[in-house]
Amino acid sequence: MAYPLLTNCPVCSQQLKITKLQCRHCQTTIENEFEVSKLAALGKEQLRFIEVFLKCRGNIKEVEKELGISYPTVRGKLDEIISALGFSTQKKPEIDKKKIVTMLEKGEISAEEAIELLKEGEEE
């Protein structure tokens with residue numbers, strides 16, 4: 001019987017490292033220090049959510065239906081997983097095109113600066 005992969009020590013909660021792999025068929029054993037995917041550290045519920053999210057091709061409305069949860073709950077779970085994987089969940093500030101045009105009209109910025117600000121907004 002196989003048990004789920006432990007990624008944290010049950011005694012001190014620090015990250016475990018994998019040092020031994022063994023073939024079930026021929027019993028070949030390989031010992032070394034192996035890396036574990038960031039996904040391996042996620043809980044069962046988080047992995048289930050990722051499976052549903054991928055199955056629904058990232059369509060949040062479909063994820064809502066499949067899991068029977070609200071849009072804010074889907075977004076919250078997604079943000080939780082993004083954070084658990086070590087990524088930032090902060091959105092980049094949106095560029096207000098009208099504000100840029102107004103600043104240009106008032107002479108607060110140059111045409112070149114306005115163009116640069118608008119280009120930055122397109123990249124996001």
Write down the atom of [X], the atom of [Y], and the distance for their closest heavy-atom approach.
X: L117; Y: I109; value: CD1-CD1, 4.1 Å
X: L47; Y: L39; value: CD2-O, 3.7 Å
X: Q15; Y: N8; value: CA-OD1, 3.7 Å
X: L42; Y: A84; value: CD2-CB, 3.6 Å
X: A40; Y: T7; value: O-CG2, 3.3 Å
X: L16; Y: C9; value: CG-N, 3.6 Å

- Task: Mark yes when over 12 heavy atoms from residues, nucleotides or ligands other than Q27 sit less than 6.0 Å from its CD; otherwise mark no.
- Result: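 Buried by this count: over 12 neighbours within 6.0 Å.
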- Message: Are more than 12 heavy atoms, taken from residues, nucleotides or ligands other than Q22, located less than 6.0 Å from that residue's CD atom?
- Response: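 Result for CD/Q22: enclosed.
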- Is it possible for you to say whether I115 and L118 belong to one hydrophobic cluster, with membership spreading through side-chain heavy-atom contacts below 4.5 Å?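 Hydrophobic grouping puts I115 apart from L118.
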- Item | Cluster companions of F34 among Ile, Leu, Val, Met, Phe, Trp, Tyr (side-chain spacing under 4.5 Å) |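 Cluster partners of F34: L5, I18, L21, I30, V36.
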Separation of [Y] [atom2] from [X] [atom1] (nearest 0.5 Å):
X: S88; Y: D79; atom1: OG; atom2: CG; result: 9.5 Å
X: E31; Y: K20; atom1: CD; atom2: NZ; result: 5.5 Å
X: S110; Y: L104; atom1: OG; atom2: CG; result: 8.0 Å
X: F53; Y: I81; atom1: CZ; atom2: CD1; result: 9.0 Å
X: C56; Y: K65; atom1: SG; atom2: NZ; result: 9.5 Å
X: I100; Y: E116; atom1: CD1; atom2: CD; result: 10.5 Å

Non-hydrogen side-chain atoms of [X] and [Y] separated by less than 4.5 Å:
X: V101; Y: K97; result: no
X: F49; Y: V74; result: yes
X: K99; Y: M103; result: yes
X: R48; Y: E45; result: no
X: N32; Y: T19; result: no

- Message: Taking the cut-offs as 6.0 angstrom to the six-membered ring centre and 45 degrees off its axis, would you call K38 and F87 a cation-pi pair?
- Response: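 Yes, K38 lies over the aromatic ring of F87.
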- Distance-only, no hydrogens or angles: does the T73 side chain make a donor-acceptor pair with backbone N or O of I69 under 3.5 Å?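 Absent.
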- Query: Are any side-chain N or O atoms of E62 and backbone N or O atoms of N59, one a donor and one an acceptor, separated by less than 3.5 Å?
  - Reply: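 No: the side chain of E62 does not pair with the backbone of N59.
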- Item | Salt bridge flag under 4.0 Å for residues E80 and K77 |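 Salt bridge absent between E80 and K77.
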